Amino acid sequence: MSSSSLQDDAGLQSFAQNYGDDPLAARESDLYRGEFVTGFVEKWDELIDWDARAESEGRFFIDVLRAHGKESVLDVATGTGFHSVRLTEAGFDVLSVDGSPAMLAKAFENGRKRGLILKTVQADWRELNRSIHGKYDAIICLGNSFTHLHDELDRRKALAEFYAALRHDGVLILDQRNYDEMLDHGFTSKHKYYYCGDQVTAEPEYIDDGLARFNYAFPDGSEYTLNMFPLRKNYVRRLMREAGFERVRTYGDFQETYESEPDFFIHVAEKSVTPNCHLRDRRSSLSGTRQRHLEKSVAIAGDALVPARLDSTPQCAADESVMRNGH
Ligand code: SAM
């Protein structure tokens, strides 16, 4: 069976993934439609473990959104609804979008269990503005989702659609695995962020410059795979700038206490940079713990470590600076 059969196998009731005769050749942006089959969607929350994930990322996204003064949020990679639910509970006005109807159905169910009615829209990022009307303060594309686009033109198209759905001073928050480390030095994981379920393994089966194929194994013996594109950090930053975002800050993981490379990067891309970018407000809105973490932050410009400007000046940190929590 060809990989297009996998793409066609979309919808709420598909159970088996099928990559055809050569799974390593399946490298299309539409693959996700047939990868997030019902069985995998039902397992997804075991993989991410909501409580452990909430603890590991803390208030990071809430703090960043508040620091930028944002209220309306488009969650374009809703998945099973983890961030839609958390941000709704925190008082943000969230619209939950995903290209997978099975994921959206699960997100809705998860919202109901918590007494929330999520507003959901099924849409592919590459045609987002056909389904989404109005402009949003912020877009989040989290959980290593952008990696599902295999073609550069699709990445550019999606970023252009995100850009168009934002208000003039909107912010896009998009995260990714640290593929640079995997491509250059091999795979390691602290298994601490994002995929927090302690009974589940999420590991690469295969990686080259155009494919990262991961295997997800669950305690009941079930296994699923995802074929993803291994995005390099600076490549994503460049694409964001070329899509029109004036400034991109990139954070590594969520906490200061790591000794090696972060597992994940989080890019915060601003559509327009204003002289007062709320960083002063950000400090005052942070919880004590996060503020202490940020006070120990370092900013990385290129490869050089320099003291974080976040704490030393009320103005925005330098354009193109890379922020991450460090020692
Ligand atoms: N954000 C969730 C999380 O962190 O648990 C879900 C992450 S899951 C890895 C990626 C999600 O992105 C899936 O729900 C998938 O359906 C969605 N997705 C992938 N490519 C997409 C596209 N081109 N348009 C819309 N949604 C897409």
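Position 1 is the first residue of the sequence; numbering continues from there. Each ligand, and each atom within it, is numbered from 1 in the order the structure gives. Bear in mind that the values here come from a model prediction, so they are computed numbers and not experimental data. Atoms considered below: every heavy atom in the structure, side chains included; atoms not considered: hydrogens, waters and symmetry mates.
For the pair L142 and ligand 1, the shortest N or O to N or O distance falls below 3.5 Å. When only interatomic distances are considered, the shortest N/O to N/O separation between D98 and ligand 1 falls below 3.5 Å. Not a single N or O atom of T80, backbone or side chain, sits closer than 3.5 Å to an N or O atom of ligand 1. For ligand 1, the polar-atom distance check finds an N/O of G99 within less than 3.5 Å of one of the ligand's N/O atoms. Residue S29 places no N or O, backbone or side chain, under 3.5 Å from any N or O of ligand 1. Residue contacts with ligand 1: A77 is placed with a nitrogen or oxygen under 3.5 Å of a nitrogen or oxygen of the ligand (distance criterion only). Residue N144 has no nitrogen or oxygen atom sitting less than 3.5 Å from a nitrogen or oxygen atom of ligand 1, judged on distance alone.
Looking at Y206 and D208, their side chains do bring a donor and an acceptor atom within 3.5 Å of each other. With hydrogens and angles left out, the side-chain atoms of Y235 and E152 include a donor and acceptor closer than 3.5 Å. For the 3.5 Å distance criterion, the side chains of S84 and D75 qualify, holding a donor opposite an acceptor.
Under a 4.0 Å criterion applied to the non-hydrogen atoms of S100, ligand 1 contributes the atoms 16 (O). Near G143, the atoms of ligand 1 lying under 4.0 angstrom from a non-hydrogen atom of the residue are 4 (O), 7 (C), 9 (C). Short contacts between ligand 1 and R53, defined as distances under 4.0 Å to a heavy atom of the residue, involve ligand atoms 3 (C), 4 (O), 5 (O). For ligand 1, the atoms lying closer than 4.0 Å to a non-hydrogen atom of S145 are 7 (C), 8 (S), 10 (C), 11 (C), 12 (O).
Residue contact annotation: C141 has no non-hydrogen atom under 4.0 Å from ligand 1. Within the structure, ligand 1 lacks F82 among the residues with a heavy atom less than 4.0 angstrom away. Ligand 1 does not have Q122 within reach: every non-hydrogen atom of the residue lies 4.0 Å or more from it.
With a heavy-atom cut-off of 4.0 Å, W125 touches ligand 1 through backbone and side chain alike.
Classified by interplanar angle (parallel below 30°, tilted 30° to 60°, perpendicular above 60°), the ring pair F245/Y163 is perpendicular. A tilted orientation is assigned to the rings of F146 and F162, their planes being inclined by 30° to 60°.
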Pair N144-Y179, side chain to side chain donor-acceptor pair (under 3.5 Å): steps then yes or no: CA-CA 11 Å; N144 195 36; Y179 287 114; 3.1 Å; yes
Steps toward salt bridge (charged side-chain N to carboxylate O under 4.0 Å, His left out) verdict (D45, K106): CA-CA 10 Å; D45 290 336; K106 189 69 188 175; 5.0 Å; no
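Under the 4.0 Å criterion applied to side-chain N and carboxylate O atoms, R232 and D184 are assigned as salt-bridge partners.
A cation-pi arrangement is present between R114 and W50 under the rule of less than 6.0 angstrom and at most 45 degrees off the ring axis.
Note on residues 216-226: pairs passing salt bridge (charged side-chain N to carboxylate O under 4.0 Å, His left out), not counting sequence neighbours, are K43-D220.
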